[in-house]
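The structure appears below as structure tokens.
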Amino acid sequence: MTEAELIIIGNGMACQRLLAELVQQPNRPTKIVVFGAESKPAYNRVLLSGLLSNELPDSAAELAKPDWYAKHNIELICDDAVVLIDRERRLVVSRHGRYRRYQQLVLACGALPLTPGYAEDDSKHLLPGICHFRNWQDLAMLRLAGQQLQHAVVVGGGFLGLEAAEGLRKLGMQVNLLQRSAYLLNRQLDATAAGLLQQQLSARGLSIFTNSEIDRLHYKHGQLQAVRLHSGQPLKADIVVLALGITPNISLAQQAGLTVNRGIVVNANLQSSDSAIYALGECIELNGETFGLVAPVNAQAKQLAQTLCGEDTAYYSENTATQLKISGISLSSCGDIAALCANADNVDGSTEYLDAERFEYRRLWWRGPYLAGAVLYGDTRLSPQLSQMIQQQQPYYGYRSSLLLGLIDNAEKLTAVSQPQQQDAA
């Protein structure tokens with residue numbers, strides 16, 4: 001039985017970023033072992049939609065060449081998930097019977113897609129004609145569906161659902177997208193921005209149903225034929241794609257007796273309740289917060305690499321801007337947009353700009369002189385500036401319409417002035 005200075009469980013984007021940071025450290029662990037559940041080495045999941053629509057080659061998603069791991073003395077074990085952590089003996093056991101001892105262990109287990117009850121059998125397996133859109137196996141299934149099937153229903157109006165729907169539409173399928181909320185991307189956008197998005201996507205041929213959920217599935221001779229909505233409306237469906245969000249993958253940590261809540265509970269050093277075990281990415285919970293975006297996970301990887309190499313560092317969550325591009329449409333939001341839209345009493349007002357013909361929209365929420373949130377649609381060039389104002393809580397006393405339009409000079413851009421000036425009406 002071999003021993004590694006460091007074992008990492010999970011070979012996704014978080015793991016790969018951690019490895020990239022570790023190999024740059026002068027006193028990095030000399031022997032690293034990585035266990036991955038998938039048959040492929042780590043790849044960029046963000047690009048799955050581009051691969052589905054054939055806009056990108058498969059190689060575009062590759063995060064490292066196969067020989068990169070050996071070059072850096074990293075043992076990569078694919079298609080062999082870890083099934084047991086023995087904390088007392090500092091030992092992990094894989095599904096195929098591999099045993100490895102560790103000095104330090106990192107959990108990068110990622111997250112699991114949410115599955116509604118109607119989509120699985122009593123053994124929690126997906127029913128025929130149902131799939132997620134999260135990994136390479138899902139990609140292969142959807143590619144085959146695009147070649148052989150005609151009608152698709154995508155459940156979920158978040159980023160992943162929209163990307164899956166657009167990818168299948170570009171393959172020639174007739175796609176209906178269901179969003180249980182009142183509008184698309186309801187956590188990132190307000191109703192106006194979401195309305196513009198729905199208008200543009202509908203014009204391309206995507207059928208969108210808001211305030212809609214599946215009530216039941218209809219099969220004939222074991223083949224999915226249609227779905228029925230809670231409203232009673234039937235929709236043809238040869239395949240249903242689930243994109244309802246994710247939940248941290250805590251099963252292995254829970255089995256090992258680590259402290260878990262929604263995610264694996266870690267401190268600012270990304271250390272679990274066991275001092276030899278760390279975690280990062282979508283599987284963790286820090287100060288009650290979980291993480292599903294690339295930017296914070298990359299920041300965690302940088303900090304954790306330093307910690308594992310003996311430096312005293314800590315990770316602090318920042319309210320960074322979410323910048324998305326959905327089939328060529330640029331979006332950006334910063335702040336808790338859902339809360340700002342739901343509770344008008346929590347802010348002093350907002351400033352808006354709309355050019356419906358050019359599909360450009362911007363909205364800023366204010367608490368006194370402080371920017372509380374921002375949504376940008378179409379033209380997102382102001383996103384870095386607005387994000388910095390929100391993160392650093394820099395007061396702004398200038399004309400809000402000027403800030404909204406990007407018409408302020410560099411001297412005025414981010415500095416607080418000693419005397420408040422007249423403000424535009426919110």
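Quick caveat, the model's predicted, so the values are computed rather than measured. Each residue takes its place number in the sequence, starting with 1.
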Between [X] and [Y], is there a side-chain N and carboxylate O pair less than 4.0 Å apart?
| X | Y | value |
| --- | --- | --- |
| E62 | K40 | no |
| R134 | E282 | yes |
| R45 | D138 | no |
| K302 | E21 | no |
| R95 | D79 | yes |
| D215 | R228 | yes |

Checking side-chain polar atoms at under 3.5 Å, does [X] have a donor or acceptor matched by the opposite partner on [Y]?
| X | Y | answer |
| --- | --- | --- |
| T307 | T313 | yes |
| E38 | Y43 | yes |
| T290 | E285 | no |
| S327 | K170 | yes |
| T380 | S332 | no |

Testing I284, T259, N287 one by one against V265 for a side-chain contact (heavy atoms from CB on, under 4.5 Å), which residue passes?
T259
I need the single residue from V34, V106, I85 that forms a side-chain contact (heavy atoms from CB on, under 4.5 Å) with I9. Which is it?
I85
Do the side chains of [Y] and [X] get nearer than 4.5 Å, heavy atoms only?
| X | Y | result |
| --- | --- | --- |
| W365 | V375 | yes |
| Y118 | V227 | no |
| Y278 | L308 | yes |

More than 12 heavy atoms of other groups within 6.0 Å of [X] [atom1]:
| X | atom1 | value |
| --- | --- | --- |
| Q223 | CD | no |
| Q137 | CD | no |
| D312 | CG | no |

